[in-house]
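Read the structure below first, then the notes.
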Protein chains: 2
Amino acid sequence: MTIDQKAPTTVVENDDLRLEKFLPYRLSVLSNRVSNAIAQAYGARFHLTIPAWRVMAILGRFRDLSAAELVEQTAMDKVAISRAVSSLLKNDYITRSEDPGDRRRQVLNLSDQGREIYARIVPLAHRYENDLMASLSGDEREQLDGIIDKLMVRAKEWSERGLIDE
Amino acid sequence: MTIDQKAPTTVVENDDLRLEKFLPYRLSVLSNRVSNAIAQAYGARFHLTIPAWRVMAILGRFRDLSAAELVEQTAMDKVAISRAVSSLLKNDYITRSEDPGDRRRQVLNLSDQGREIYARIVPLAHRYENDLMASLSGDEREQLDGIIDKLMVRAKEWSERGLIDE
DNA sequence: TAACATTGGTTTCAAATGTAACCACCGCTG
DNA sequence: CAGCGGTGGTTACATTTGAAACCAATGTTA
């Protein structure tokens, strides 16, 4: 079994691609595994999908938001929000009322029941996150945040300006 | 603007959840951004979906694989492989032949054309990866690998044994 | 205030994805 | 070699997801 030693700073461009070492691939597998596991946990206990849970997570912290404001906060799109909202309404986890000032706008809030669920999920969520973090060393934990931030910035540029083409 | 100082080692369990700080959420957003950007690049130039490209990436390195072996290598499921394979066949990017020893089994390889495409994509893929990596410091780059590995192990446990329940 | 562009949100339709059923073949057992 | 469980792979169906069209209310301009 060969162990990679520190590669030279200059990055090597191979003729081959090792999928299992390819960052975008690994991110995708990791993120799917994590999301699916959590989705199952939420789904089983509270009949919540991930998008629905995200909406609740935001409404748990901010009151009187509109769907559009949820879009800003969640990086989800209009349609996903609309669907999550309507399913949450069906479960009575949130409430919807008209904005008197603007009759297109709908003001969303957690219902009492929703707030209760929210209060029960938050510790779970923290537990999952801690459990993930627990597998890292202190050093790694400290850097993870910054790493993700930086990658995110770059990825955002990609999706806005298109890839580093031609 | 408040800057977080080193948090105490003991992890704080809040009553609130800051979605934008929540690791599973951030992973998901990051991975989606990256995948979408790349999918678009591949799609536009080579009419390849991500699953199809993954199949090609594996076949570029290993010859005479069966669909089942692709499943092992890619963390994709049977059906996804089957669909990717049939679309790649349609494009003549891969070839399929019967295994004489076992008539259920089909032996897959890149076609000449497929190998050509592969050779053109590999440098692109490396370029995208490098571009991502370039946003990190040397320190961060060095640790990223280990971090993902560790998180992956934990996530895998989750999906196998179910979440750290009750 | 009539016309038009904009915004908030939903609906519709097509494409992507996952699950389960399925078919054909293999290999073992009696 | 009949019967049966297991494997390789595809098909069928239900669900999720995304893009674009859409409806309604607002704001803006002439």
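All values below come from the heavy atoms of this structure, side chains included, with hydrogens, waters and symmetry mates left out.
Rounded to an integer number of Å, the gap from B:Tyr42 OH to C:dA16 P is 18 Å. Whole-Å rounding puts the A:Glu98 CD to D:dA24 P distance at 14 Å. Taking atom CZ on A:Arg103 and atom P on C:dG9, their separation rounds to 14 Å, with Å as the unit. Rounded to a whole Å, the CE atom of A:Met76 is 14 Å from the P atom of D:dA19. With rounding to whole Å, A:Leu108 atom CG is found 14 Å from C:dT10 atom C1'. What separates CG of A:Asp99 from C1' of D:dT26 is a distance of 12 Å, to the nearest Å. One atom, CG of A:Leu70, and another, P of C:dT10, lie 11 Å apart when rounded to the nearest Å.
Under the side chain to side chain donor-acceptor pair (under 3.5 Å) criterion, A:Glu129 pairs with no residue, sequence neighbours left out.
With distances taken from any side-chain atom of A:Asp77 to the nucleotides C:dC25, D:dG18, D:dA25, the minimum falls on D:dG18.
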Only pairs under 3.5 Å count here: list side-chain donor-acceptor contacts from residues 82-96 of chain A, not counting sequence neighbours, and write none if there are none.
from: A:Ser86; atom 1: OG; to: A:Arg83; atom 2: O; distance (Å): 3.2
from: A:Ser87; atom 1: OG; to: A:Ala84; atom 2: O; distance (Å): 3.3
from: A:Tyr93; atom 1: OH; to: A:Phe46; atom 2: O; distance (Å): 3.3

Distance-only criterion, 3.5 Å: show the donor-acceptor pairs between side-chain atoms of residues 112-125 of chain A and protein atoms not counting sequence neighbours.
from: A:Tyr118; atom 1: OH; to: B:Asp16; atom 2: OD1; distance (Å): 3.4
from: A:Tyr118; atom 1: OH; to: B:Leu17; atom 2: N; distance (Å): 3.4

Could you go through residues 30-43 of chain B and list every donor-acceptor pair under 3.5 Å that involves a side-chain atom there, pairing it with any protein atom two or more places apart or in another chain?
from: B:Asn32; atom 1: ND2; to: B:Ser28; atom 2: O; distance (Å): 3.3
from: B:Ser35; atom 1: OG; to: B:Ser31; atom 2: O; distance (Å): 3.1
from: B:Asn36; atom 1: ND2; to: B:Asn32; atom 2: O; distance (Å): 3.2

Report, as a single string ordered 5' to 3', how protein heavy atoms within less than 4.0 Å touch nucleotides 3-17 of chain D: B base, S sugar-phosphate only, - not at all.
---BBSBSB-----B
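Note: A:Leu108 CG to A:Phe62 CZ = 14.5 Å, rounded to the nearest 0.5 Å.
For residues 57-75 of chain B, the set of pairs meeting the side chain to side chain donor-acceptor pair (under 3.5 Å) definition, not counting sequence neighbours, comprises A:Glu20-B:Arg61, B:Asp64-B:Asn109, B:Ser66-B:Glu69, B:Glu69-B:Arg105.
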